[in-house]
Amino acid sequence: MESIYKSDVVIVGSGISGLMTAVSLYPRKVTLVTKRKLGEMSSSAWAQGGIAAAVTKNDSPEIHFQDTLKASSGLSNEKAIKIITKDALDIVNFLEKIGVLFDKTNGEYTLSKEAAHTYRRVLKINGDQSGKFLVNHLINFAKKQGHITFVEDISIDHIIQKNNKCHGIMGHIHKDEAVDNFVFFQSPNVILATGGIGSIYAHTTNPRDVYGESIAMAAQVGAELVDLEFVQFHPTALDVGIDPAPLLTEAIRGEGAYIVDENNFRFIFKDHESGELAPRDIVSRSIHRHKEKGHSTFLDCRHFNFDFHLMFPTASQYLIEASINPSKDLIPIIPAAHYHMGGIKVDEDGKTSVDGLWACGECSSTGAHGANRLASNSLLEAFVFSKRIAKKINSEPPKQSHNLINIENYIPKEKTISKIRAKKYIWQLRSTMNKFVGVERNQNSLEQAFVEFSRIERETERLSAKLKDMLLVSKLITFAAMQRKESRGTHFRTDYPNKDNTLLKRNVFNHVDLLNYLNTKFDMAN
Ligand code: SIN
């Protein structure tokens, strides 16, 4: 059975980027497709931080710009940083206009302090529940607008492209991978907004569905990719064996929490004078190395003299479920894959290198985060660039709907056969990424990762579309990590431990470059 939807624009994903693009496209006819229910399983809804914006007297977009630039480790697109830091206040105003209530104390914003920000600058909602409130608010607002058709429970398999032009996307009913329930969304504009890649790692703070499917789909239609080697590990995920690992927001350290080992030693100071509030990559590496030496690592909030539960309701709930009392107990932590700075290469309007294909949010890479993202700049970037995509599309007359597609040609010939057996291999793949392409990597570990990918691929042919996408994304990231023979930001190579400014260039490549490499080096075909 097939269904066909036609619209001027189709958006994949219902986190902040997808929703914000959809509402900003008003009155253009839009279809928004999502794998589960609206907002469900999106990283946005899980965001505990908030939105970074220079709203205080001493602060300014220029200081925010400088902080972002400094964190980015020299590799960013300064124009993109200018755009997000300058537009931050407009986004806050827009959100307040549609009824979002940021936390305030005596009429002033209650701002969090997060690492490497000069000032308290992060606007939040109900403590650490910013993402949840923002997503719910946008969903309610979007539903009232009337120009958006929402289609839930659909997995997108691929982009329909002919002569470097997008014509839509093809998907299937999410629960029925093995059944012929194909859905075709015909549209000259496809916007990818499915979030990052966290779930290709064994330790991640991202929802299970977030494994880079947009990168995989865009790669397969030849889109340029950029900076894929830069994966940000959040230093403080709760390490109690829950998958995904619950995030303990950086704002907890902003309020003075320590990171200690089993001897109550605040070991981060060995690596950086700012200790717990050093840039995220440094804190994560420091924890990783301390663990490698056999130490235990903890967040210590025992000295807090405020109500932890009131300030951090989400984190508090996780701790209650793990029977941890933050006023008495040390909290076990581990670095976990949290955010991907790399992604589908887009310009300042969110356009990819494929005509009619756009990307925003974490699956895209504008260059605003460079090699290391400053906390709470991601929701900001998602809002700002979603608006820009919408503005650009709205400034152009609707394109002719394309009728030259024969859908039959795009229905997959081979069906995948077993999601259950795939689970074992998905876990092997995630462990491989953690071990060999994680917080630290080197030539040997990256080659070892390719050997594992090859074995997993051989043993799992046609097992699961998700695993296939995860394998492709893992290979692309590993390939990117091999190419960058230096250490910069979140990309740390133990065999090249220093920055090499002769390599100070964003790393752009496409799927064909990966294929050529695999063919010559590993005899792997895709
Ligand atoms: C956090 O709350 O620590 C995460 C914020 C972010 O990643 O920007």
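Indexing begins at 1, ligand by ligand and atom by atom, following the structure's order. For reference, positions follow the sequence shown, starting with 1. Predicted model only: the values in this text are computed from it and were never measured.
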### Close N or O approach (His234, ligand 1; < 3.5 Å)
yes
#### Entry: Leu247 N/O to ligand 1 N/O under 3.5 Å
no
Number the atoms of ligand 1 from 1 as they appear, then name those within less than 4.0 Å of a heavy atom of [X], with their elements.
X      : value
Ala375 : 8 (O)
Gly49  : 2 (O)
His338 : 4 (C), 6 (C), 7 (O)
Ser376 : 6 (C), 8 (O)

Does any N or O in the side chain of [X] come within less than 3.5 Å of the main-chain N or O of [Y], such that one atom is a donor and the other an acceptor?
X      : Y      : result
Glu224 : Phe509 : no
Asn325 : Asp329 : no
Glu486 : Tyr496 : no

### Arg253 contact mode with ligand 1 (heavy-atom cut-off under 4.0 Å)
neither
#### Entry: Residue selection (non-hydrogen contact nearest atom 4 (C) of ligand 1) among Glu250, Arg280, Arg373
Arg280
### Message
Suppose we call two aromatic rings close when their centres sit under 6.0 Å apart. Are His288 and Phe233 close by that rule?
### Response
no
### Message
One pair to check against ring-ring contact (aromatic ring centres under 6.0 Å, His included): Phe265 and His295. What are the steps and the verdict?
### Response
CA-CA 11 Å; Phe265 174 47; His295 292 286; 8.3 Å; no
### Message
If the condition is ring-ring contact (aromatic ring centres under 6.0 Å, His included), which residues does His64 pass it with, not counting sequence neighbours?
### Response
none
## Note on the structure
atom 2 (O) of ligand 1 has as its nearest protein heavy atom Thr249 OG1, 2.5 Å
## Note on the structure
The side chain to side chain donor-acceptor pair (under 3.5 Å) partner of Tyr339 among His369, His234, Arg373 is His369
